[in-house]
Amino acid sequence: MLLSRKAWEIDLREARKMRHSEVLGCCPHDCQDGCSWVAHVEDGKVTKVVGSKEHPFTRGVLCAKVNDYQTRTYAPDRLLHPLRRTGAKGSGEFERISWDKAIREIAFEFGNIINDWGSEALMPLHDMGSAGALQRRALMRLFHHIGASRLHGSLCGQSGNAVAAEGHPISFDPETLAESECILLWGANLLSTAHHHWHFCLEARKMRGAKIISIDPRRTRTAAKCDEHISIRPGTDAVLAAGMANVLVEEGLADFEYARSAADDLDACLEEIKAWTPDHVCEVTGVAPDDVVRIARIYGAARPGTLRVGIGPQQSRFGDVFVKSLSALAILSGHWRLPGGGLSIEGYPTFDNAAPECPELSPEGTRSLHRGQLGRILTSSDLDPPIKGLMIWGHNPLVNQIDAETVRQGLCRDDLFTVVIEQFMTDTARHADIVLPSTTQLEHFDVQGSWGHCYVGLNHPAIPPLGESKPHTEILRFLAKEMGLDEPALFADDETIARSCLPDGFDWATLNQQGWLFAPQPRRDPASMGGSLKMSMGLDGPEDLNVRDPIAIGKLRLLTVKPHYLLNSTFANMPRQAGQQGNPTLEMHPADAKSLGLQDGDRVLAQNGKGTLAAMLRVTDAVLTGTTVLEGKFWWTANEDGSPVSNRLANSNWTEGGQPTFNDIFVEVTATSGFADI
Ligand SMILES: Nc1nc2c(c(=O)[nH]1)N[C@H]1C(S)=C(S)[C@@H](COP(=O)(O)OP(=O)(O)OC[C@H]3O[C@@H](n4cnc5c(=O)[nH]c(N)nc54)[C@H](O)[C@@H]3O)O[C@H]1N2
Ligand SMILES: Nc1nc2c(c(=O)[nH]1)N[C@H]1C(S)=C(S)[C@@H](COP(=O)(O)OP(=O)(O)OC[C@H]3O[C@@H](n4cnc5c(=O)[nH]c(N)nc54)[C@H](O)[C@@H]3O)O[C@H]1N2
Ligand code: SF4
Ligand SMILES: [Mo]
């Protein structure tokens with residue numbers, strides 16, 4: 001039968017509609033913006049992923065890393081089948097095996113390790129490769145149930161966590177940033193690392209005439225858009241905070257009443273800051289005395305003022321001191337009294353991150369290992385029992401853990417059985433005995449609570465898993481069955497696990513249908529702690545501070561900042577993102593380049609006693625003298641001497657609070673023509 005033109009058009013539209021669907025989901029990556037997205041599916045294939053227009057944070061856009069997420073799912077180098085190692089660890093030689101064989105082998109090896117060494121000889125290890133509650137946490141319930149070593153600590157923001165554990169609030173609803181009259185972006189490069197937060201800074205500028213000031217050793221993309229950029233010597237921030245506090249006190253801008261209601265030891269803190277006159281602050285930090293006074297006045301007079309603080313500056317041995325000093329400054333200023341004022345490092349919805357792990361399954365007294373000390377743990381001669389079995393997911397420790405060479409030695413141990421669950425053959429996966437292929441966010445169900453705003457996000461699968469890849473909850477159930485376990489929690493379905501994160505009465509129906517839901521935590525301010533806080537700036541004395549100047553020891557401090565187009569080492573294998581990020585590049589101030597006889601465009605080696613890093617040189621006055629900056633984390637290359645993995649040059653060190661000190665790397669930089677391809 002022939003259709004009229006109109007009827008034919010309607011028919012085609014209907015047919016297209018059938019082939020086209022839009023699936024609500026969210027970005028799984030380790031990023032404070034926690035975006036919601038819509039996946040467009042045509043004929044069973046995802047053609048694009050776009051930011052949700054309605055989500056108040058996402059506001060219709062993703063970012064330069066993720067706005068073509070489907071290319072990650074369909075990447076030709078995706079791992080799509082289980083693999084078993086056939087060559088030496090790290091050689092990258094594997095054979096394809098079936099899931100049945102892979103799971104049987106893992107169950108067998110884990111069983112033997114438990115018999116021979118005890119359950120604690122097994123170590124699960126995960127990070128935030130996927131922030132989804134199911135992908136990130138659910139497998140832990142199996143390890144807890146069998147009594148494997150537990151995990152604590154973090155590679156990221158651990159100084160903030162440690163200070164928060166002492167009762168200092170470090171978060172509030174970041175949308176209220178729009179109510180601030182002065183935002184100090186303190187070591188936070190929002191336009192690269194959390195660009196959806198920048199919108200609320202602009203709102204504050206528009207509505208409240210807010211001044212936005214970046215305090216950073218580097219003139220970042222963000223600093224260039226701020227009202228001012230204050231360049232500071234890395235690690236010396238506590239001294240600037242003390243100097244600003246001193247100005248607040250001297251000029252009547254301190255809020256003593258508020259500070260006394262929050263902290264027991266205000267007087268000791270006031271004593272501590274006395275020595276920090278603007279001139280003295282300048283000697284240590286490099287910030288001009290006039291600037292110290294001026295920004296203190298702007299911050300002190302604002303109603304309120306906000307310290308929006310990043311993670312980068314926490315990653316040195318002064319990380320804990322850094323957070324402590326900023327908490328003290330925020331309390332002394334009284335800005336916590338008003339919405340949008342105070343100290344903001346993170347932001348959370350009401351969401352129980354631990355629930356999917358079922359920590360209650362872990363036998364009492366089970367030992368706990370620091371997840372950021374993998375090298376030390378795997379190479380220790382006195383860990384009892386030693387780690388004999390390791391399962392890693394959502395983490396690329398060979399690039400991201402401190403002292404990566406020690407991590408490599410640990411992963412190469414012949415008596416270690418390692419399973420890596422991955423989407424790609426990362427450096428870490430190359431060292432596995434068994435590699436299991438993981439689904440991407442377009443292929444599984446998940447739920448997540450942001451660490452940078454107050455929304456919960458839900459992710460529906462847009463397509464079935466590619467190849468033989470599996471979501472982690474399926475791996476959990478499969479392995480539990482093969483190990484002969486009968487604990488019901490190990491066989492819970494995905495929705496039950498997801499719902500366990502949410503408080504009673506949570507509006508699941510709306511979350512399901514909208515893809516996200518606002519679920520703010522009540523605002524907590526320091527005064528609500530009842531005067532019990534210790535408000536120390538954490539300054540020990542000038543002897544210690546003198547060591548902070550790297551020029552004094554004839555080397556440059558290597559700062560490893562977050563790349564604009566990569567997410568840590570994720571996307572480093574994706575041609576589009578890697579191409580835009582470019583070759584590993586060291587930035588250096590013209591004065592340092594001149595004194596080292598180096599020129600823009602040179603091939604250089606950064607070296608210390610531990611290792612060598614190869615890069616191109618960019619000479620720019622955007623970075624402070626005495627520092628050299630590597631933007632990005634790259635995979636190891638075949639040429640190990642030229643590997644651009646900065647953590648090979650980092651000593652095994654952690655702050656007292658447990659933060660790995662990634663930015664305490666000191667290097668000599670020389671020109672070379674001796675490496676072929678970086
Ligand atoms: N594009 C992109 N976005 C990301 C990530 C990524 O890799 N790429 N990673 C995500 C993760 S895991 C995290 S933790 C966040 C981190 O987000 P940020 O903390 O914003 O990122 P960083 O680049 O680590 O550090 C921010 C700034 O701190 C500065 N800095 C370093 N040391 C000091 C210091 O001693 N004092 C001061 N004042 N400044 C200092 C650096 O120059 C840098 O510009 O970003 C997340 N978002
Ligand atoms: N020198 C230096 N070291 C650092 C930092 C620094 O700034 N400088 N930053 C530190 C910080 S802040 C952080 S947070 C850590 C980050 O360290 P990592 O968490 O190791 O970060 P990524 O490099 O993003 O690696 C995540 C891995 O998870 C995988 N992945 C993603 N989604 C999934 C999934 O659904 N399933 C599975 N199985 N795998 C998945 C990705 O493919 C990727 O290989 O690094 C820390 N290390
Ligand atoms: S990485 Fe961050 S900014 Fe980019 S899409 Fe994901 S949540 Fe949004
Ligand atoms: Mo991080």
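Side chains included, hydrogens not; waters and symmetry mates left out as well; all remaining heavy atoms used. No experiment lies behind these values; they were computed from the predicted model shown. Atoms within a ligand are numbered from 1 in the order they appear, just like the ligands themselves.
Residue P563 touches ligand 1 through backbone and side chain together, judged by heavy-atom distances below 4.0 Å. Contacts between D237 and ligand 1, counted as non-hydrogen atom pairs separated by less than 4.0 Å, involve the side chain only. Only side-chain heavy atoms of K65 come within less than 4.0 Å of ligand 1; its backbone N, CA, C and O stay farther off.
At a 3.5 angstrom cut-off on N or O pairs, G312 counts as close to ligand 1.
Checking H444 against N459 by side-chain atom types alone, no donor-acceptor pair falls below 3.5 Å. A donor atom on one side chain and an acceptor atom on the other are found under 3.5 Å apart for Q423 and R72. Judged purely by distance below 3.5 Å, without hydrogens or angles, the side chains of S154 and N161 never pair a donor atom with an acceptor atom.
Regarding atom 19 (O) of ligand 1, its nearest protein heavy-atom neighbour is I311 N, 2.6 Å. The nearest protein atom to atom 35 (O) of ligand 1, hydrogens excluded, is given as G235 N, 2.8 Å; this is a heavy-atom distance.
Below 30°, between 30° and 60°, or above 60°: for F57 and F200 the angle between ring planes is between 30° and 60°, a tilted geometry. Ring orientation note: the planes of Y299 and H335 are nearly perpendicular, at an angle over 60° on the 30°/60° scale.
At least one heavy atom of H196 sits less than 4.0 Å from an atom of ligand 3.
For atom 6 (Fe) of ligand 3, protein N, O or S atoms closer than 2.8 Å were enumerated as C27 SG, with waters left out.
A salt bridge is absent between D403 and R648; no separation between the charged side-chain nitrogens and carboxylate oxygens falls under 4.0 Å.
With hydrogens and angles ignored, the 3.5 Å screen pairs a side-chain donor or acceptor of T585 with a backbone N or O of N583.
When the options D30, L566, L191 are ranked by their closest heavy atom to atom 6 (C) of ligand 1, first place goes to L566. Closest heavy-atom approach to atom 28 (O) of ligand 1 among the candidates C156, G187, S316, S569: G187. Between atom 9 (N) of ligand 1 and the options R308, K562, E631, the minimum heavy-atom separation is to K562. The nearest non-hydrogen atom to atom 17 (O) of ligand 1, considering only V309, T193, I215, comes from T193.
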